[in-house]
Amino acid sequence: MFGRFDAEHAAGRPIGIALSGGGDSTALLHLAAERYGAEALRAATLDHGLRQGSAQEARLAAARCARIGIAHETLFWNGRAATGNLQDAARRARYTALARWARGAGIALVALGHTRDDNAETLLMGLSRGAGLDGLSGMRRDFTRDGCLFLRPLLDCSRAGLRAFLVERGLGWSEDPGNTDTRFDRIKARRALEAMAPLGIDAATLARSIANLRGSRLAIDERIAAWSRDHVIADRGDLLIDAPALGRLPDDLVRRLLGAGLRWISGRDYPPRAAALLDAAGALLAAENREAPPGRRSLHGCLLQVARGRLRLSREPAAALRAPARPAGTVWDGRWIIEGAAPAGAMTRALGEAGLADCPAWRETGLPRGSLLASPSLWQGDRLLAAPLARPDSQRRAVMAGNRDDFTATLLSH
Ligand SMILES: Nc1ncnc2c1ncn2[C@@H]1O[C@H](COP(=O)(O)OP(=O)(O)OP(=O)(O)O)[C@@H](O)[C@H]1O
């Protein structure tokens with residue numbers, strides 16, 4: 001069950017457990033403790049602060065860890081300040097907080113308690129949205145986010161089996177009140193799955209379909225990765241794509257490729273809307289065919305510009321300038337980390353006009369002005385300390401964080 005935890009991943013560093021306190025992640029905690037010993041583990045619970053009792057649940061999770069000698073930390077998020085889809089915002093905040101915790105504590109990887117049942121419910125939710133292969137081929141077993149490796153070692157285990165394990169050992173867990181709230185799509189999917197039993201459909205049969213769909217998906221992945229190796233160049237933070245070759249690809253591959261490109265550039269972990277993307281690509285490629293003046297579109301916080309047979313994807317300066325400044329050494333704008341020792345209080349933000357004025361030789365970089373305006377730079381108050389892309393002689397290097405240093409990783413992540 002824990003094959004993926006093997007030493008090659010952890011290499012002597014602690015293993016992190018994302019512990020919500022619910023049955024799945026509590027079972028994960030105990031299974032991992034039996035296999036690796038308590039001293040090899042660290043656990044964290046994010047208190048979302050969204051409902052009464054969350055602080056108490058985090059305390060309970062901490063107490064359960066203390067009882068078996070596992071170091072535990074409670075992380076906090078001010079959910080009340082979030083806007084938009086709260087569930088979604090909470091999920092993202094959770095991954096960001098867990099990744100920061102793991103990086104700070106030297107943790108090799110963070111294990112999540114998703115089960116075969118979660119996978120089956122996700123498949124049904126995908127069907128309700130008319131999803132294609134992308135949305136129906138199951139959760140990833142491992143992925144990297146904000147520089148942290150996450151694993152889902154329980155994806156082949158059933159929720160009932162994990163609870164039976166806890167009951168057998170006399171171990172307790174907290175039941176999330178949301179698990180019976182039929183306003184949530186996941187709970188509706190759970191109920192729908194139960195109702196499908198007479199048809200012979202359950203989480204185990206859906207797991208077989210998911211495995212088959214995943215196989216088809218991987219075959220397409222190989223094709224698209226090979227295409228990208230031949231036709232896409234990563235130019236520091238930008239991507240350059242062979243426009244005529246792109247124009248010959250079927251729509252679903254164009255969507256996949258540009259969707260991944262815009263995620264990679266914007267640092268957002270969700271793709272742009274498919275219709276908007278295909279519309280922009282269609283208009284730009286048509287203009288290129290007519291040899292019309294260079295066209296440009298802005299989408300998903302990025303610029304798409306086509307000229308001389310190449311489509312350049314770059315960060316839109318206005319979007320980068322809106323991204324909040326971050327302390328040196330942390331992820332800025334969803335993808336950049338400026339490496340190297342920095343004085344206390346130094347902050348990373350977009351270079352902008354004021355910064356570019358301080359980089360007289362920027363033309364020698366060969367990057368367009370817009371890409372440089374949106375590029376990362378290090379400041380102390382109003383003083384520019386480093387601009388790794390616009391003034392490459394400055395000592396500090398800007399590196400892409402986590403899986404975003406390699407476009408292929410984003411292209412193949414699902
Ligand atoms: N508050 C939390 N603190 C720490 N880990 C958590 C928390 N909530 C969830 N997790 C981790 O995420 C796993 C999945 O939880 P859950 O199914 O509630 O999340 P989800 O939002 O549906 O999943 P995903 O984030 O992948 O979409 C849990 O088993 C646990 O490992």
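Keep in mind that what you see is a predicted model, and the values were worked out from it rather than measured. One-based numbering, in listed order, for ligands and for the atoms of each.
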[X] contact mode with ligand 1 (heavy-atom cut-off under 4.0 Å):
X      : answer
Arg92  : neither
Ala90  : neither
Asp176 : neither

For [atom], the option (of [options]) bearing the nearest heavy atom:
atom                    : options                     : value
atom 23 (O) of ligand 1 : His114, Met139, Arg91       : His114
atom 4 (C) of ligand 1  : Leu19, Asp24, Asp47         : Leu19
atom 3 (N) of ligand 1  : Ile17, Leu154, Leu29, Leu46 : Leu46

Could [X] and [Y] be called an ion pair, given the rule that one side-chain N must be under 4.0 Å from one carboxylate O?
X      : Y      : value
Asp221 : Arg214 : no
Arg152 : Asp118 : no
Asp24  : Arg163 : yes

Do ligand 1 and [X] have nitrogen or oxygen atoms that lie under 3.5 Å from each other?
X     : value
Leu98 : no
Thr45 : no
Arg94 : yes

Donor-acceptor pair, side chain of Asp117 and main chain of Arg159, under 3.5 angstrom: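 Side chain of Asp117 to backbone of Arg159, a donor-acceptor pair under 3.5 Å: yes, one is there.
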Arg42 side chain to Gly16 backbone, donor-acceptor under 3.5 Å: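 Checked: no pair found.
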Per-atom contacts of ligand 1 with [X], taking only distances under 4.0 Å to non-hydrogen atoms:
X      : answer
Ser25  : 29 (O), 30 (C), 31 (O)
Arg152 : 26 (O)
Ala44  : 4 (C)
His48  : 1 (N)

Closest approach of any protein heavy atom to [atom], naming residue and atom:
atom                    : result
atom 28 (C) of ligand 1 : Gly113 N, 3.9 Å
atom 22 (O) of ligand 1 : Arg186 NE, 3.6 Å
atom 25 (O) of ligand 1 : Tyr95 OH, 3.0 Å
atom 31 (O) of ligand 1 : Ala18 O, 2.6 Å
atom 12 (O) of ligand 1 : Leu112 CD2, 3.9 Å

Parallel, tilted or perpendicular: ring planes of Phe150 versus Phe143, cut at 30 and 60 degrees: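 The rings of Phe150 and Phe143 lie parallel, inter-plane angle below 30°.
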Short side-chain donor-acceptor distance under 3.5 Å, Thr122 and Asn119: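 Judged by distance alone, the side chains do not pair up.
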Reference residue Leu246; test side-chain contact (heavy atoms from CB on, under 4.5 Å); the match among Leu285, Val306, Leu253: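 Going through Leu285, Val306, Leu253 one by one, the side-chain contact (heavy atoms from CB on, under 4.5 Å) with Leu246 is satisfied by Leu285 alone.
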The single option from Leu313, Asp406, Thr410 passing side-chain contact (heavy atoms from CB on, under 4.5 Å) against Trp264: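 Single pass found, and it is Thr410.
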Where Trp173 and Gly23 come nearest, the two heavy atoms and their spacing: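 For Trp173 and Gly23, the tightest heavy-atom pair comes out as CD1-N, 3.3 Å.
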Test log, rule side-chain hydrogen bond (donor to acceptor under 3.5 Å, both in side chains), inputs Glu316 and Ser298: CA-CA 7 Å; Glu316 192 177 21; Ser298 119; 3.1 Å; yes
